[in-house]
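Below is one structure, written out as structure tokens, with a few remarks after it.
Predicted model, so just to flag it, every value in this text is computed and none were measured.
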There are 2 protein chains.
Amino acid sequence: MSDLLNRLRGRGWRMTAQRRVVAEVLDGDHMHLTADEVHARAAARLPEISRATVYNTLGELVSLGEVLEVSTDRRAKRYDPNAHRPHQHLVCAQCGAIRDVHPSGDPLAALPDAERFGFTISNVEVTYRGICPDCTSA
Amino acid sequence: MSDLLNRLRGRGWRMTAQRRVVAEVLDGDHMHLTADEVHARAAARLPEISRATVYNTLGELVSLGEVLEVSTDRRAKRYDPNAHRPHQHLVCAQCGAIRDVHPSGDPLAALPDAERFGFTISNVEVTYRGICPDCTSA
DNA sequence: TGCCCACCTTGGATCCGGTCCAAGGTGGGC
DNA sequence: GCCCACCTTGGACCGGATCCAAGGTGGGCA
């Protein structure tokens, strides 16, 4: 966990209380929080932290490759701290819950050259949608 | 093309000038237009059509299964009139252009039961991201 | 140890896609 | 041709995200 902070320091991040708190919130439990949820949890520890700073910091973590942005619907983006193991997402269409999943095989292999239209493809996102057990029984 | 209008009439759609124009815009060339683009094209034929009506009509077409909603990024949703042949999307990360593609195999088969966490999975979306030829050369 | 400035934070304004609403208009069944 | 259930309208509103100018501060350097 201070691994993350060390990596960030090593990349020239000026370490401030705000950034530390945001990084720790994400690194704490591996959930898929929205920016507002991150802000709420950060504010629990550092009451005066602003939304703008949370957005800035999340954006930096994303561009450093430490965190992934996941927007599975029109609601708020979610931030996925599990950036270092490739995975896909399983999303509940009702409550929006997200689980990381690890399908077998390489989805990119399924796309023949003739269907690539000259694009330089850099990644593939697979989103499985359905209803989670909680919403099914409710 | 009047196939679409006939299907809609058959489902009890009250046919108004506005709805006809929106349906025709989508059915015309098989592109992936945003709601605003649909509005602009519709307004070219029916100047006083409102944005609200375009949104309403698009929403109805989606819930009738005649059109698919595609939101590949945080920008505006796009509407895909090609709802009757299953396909996936190839998206340019730079300009946002979308192409329909038809990968081989069933992506759902790649997800083992142990990774389904009790979800009732209803569909799978695959989005290939990359840079299109136009943006590569530019 | 202390200074200083480049970088960071702040909150309020602003943007943008989308939705809501109440009032007025109209398709199409009778 | 009438009438009303349904449709359209535009303007207000919403929520997530971003921008901005003003003030604060980490940490390199002396």
Donor-acceptor pair present, B:Arg51 side chain and C:dG18 base, under 3.5 Å: yes
Please state how far atom [atom1] in [X] lies from atom [atom2] in [N], giving the value in whole angstrom units.
X       : N      : atom1 : atom2 : result
B:Leu58 : D:dT8  : CG    : P     : 12 Å
A:Arg20 : C:dC8  : CZ    : P     : 14 Å
B:Arg75 : D:dG16 : CZ    : C1'   : 17 Å
B:Trp13 : C:dT26 : CH2   : C1'   : 16 Å
B:Lys77 : C:dC16 : NZ    : P     : 18 Å
B:Leu8  : C:dG27 : CG    : C1'   : 16 Å
B:Leu33 : C:dG17 : CG    : C1'   : 16 Å

Look at the side chain of [X] and decide which nucleotide, out of [options], has an atom nearest to it.
X       : options                : value
A:Ala76 : C:dG12, D:dG16, C:dG17 : D:dG16
B:Asp36 : C:dG17, D:dG16, D:dT9  : C:dG17
A:Arg14 : D:dG27, C:dT10, D:dT18 : D:dG27

N/O (side chain, [X]) to phosphate O (OP1/OP2, [N]) under 4.0 Å:
X       : N      : value
B:Tyr55 : C:dG18 : yes
B:Thr16 : C:dG27 : no
A:Gln18 : C:dT10 : yes
B:Arg19 : D:dT8  : yes

Donor-acceptor contact present, side-chain [X] to main-chain [Y], <3.5 Å:
X        : Y        : value
A:His87  : A:Arg85  : yes
A:His102 : B:Leu111 : no
B:Ser71  : B:Lys77  : no

B:Glu37/B:Arg78 salt bridge by N-O under 4.0 Å criterion: yes
Along DNA chain D (nearest heavy atom to each residue), the more 5'-positioned of B:Ala17 and B:Arg74: B:Ala17
DNA chain D: 5'-proximal contact among A:Met15 and A:Asn56 (nearest heavy atom): A:Asn56
Sequence-distant partners of A:Ala97, side chain to side chain contact (heavy atoms under 4.5 Å, CB included), two or more places apart: A:Cys92, A:Cys95
Any side-chain donor near an acceptor of the partner, A:His32 and A:Asn82, under 3.5 Å: no
Sub-4.5 Å side-chain heavy-atom contact between B:His89 and B:Tyr128: no
Side chains of B:Val54 and B:Ile49 in contact at under 4.5 Å (non-hydrogen atoms): yes
Proximity to DNA chain D (any heavy atom under 4.0 Å), residues of residues 41-50 of chain A only: none
Along DNA chain C (nearest heavy atom to each residue), the more 5'-positioned of A:Thr53 and B:Arg78: A:Thr53
Paired with [N] by Watson-Crick or G-U wobble geometry, both distances under 3.5 Å: which nucleotide is it?
N      : value
C:dT14 : D:dA17
C:dG2  : D:dC29
C:dG25 : D:dC6
C:dC30 : D:dG1

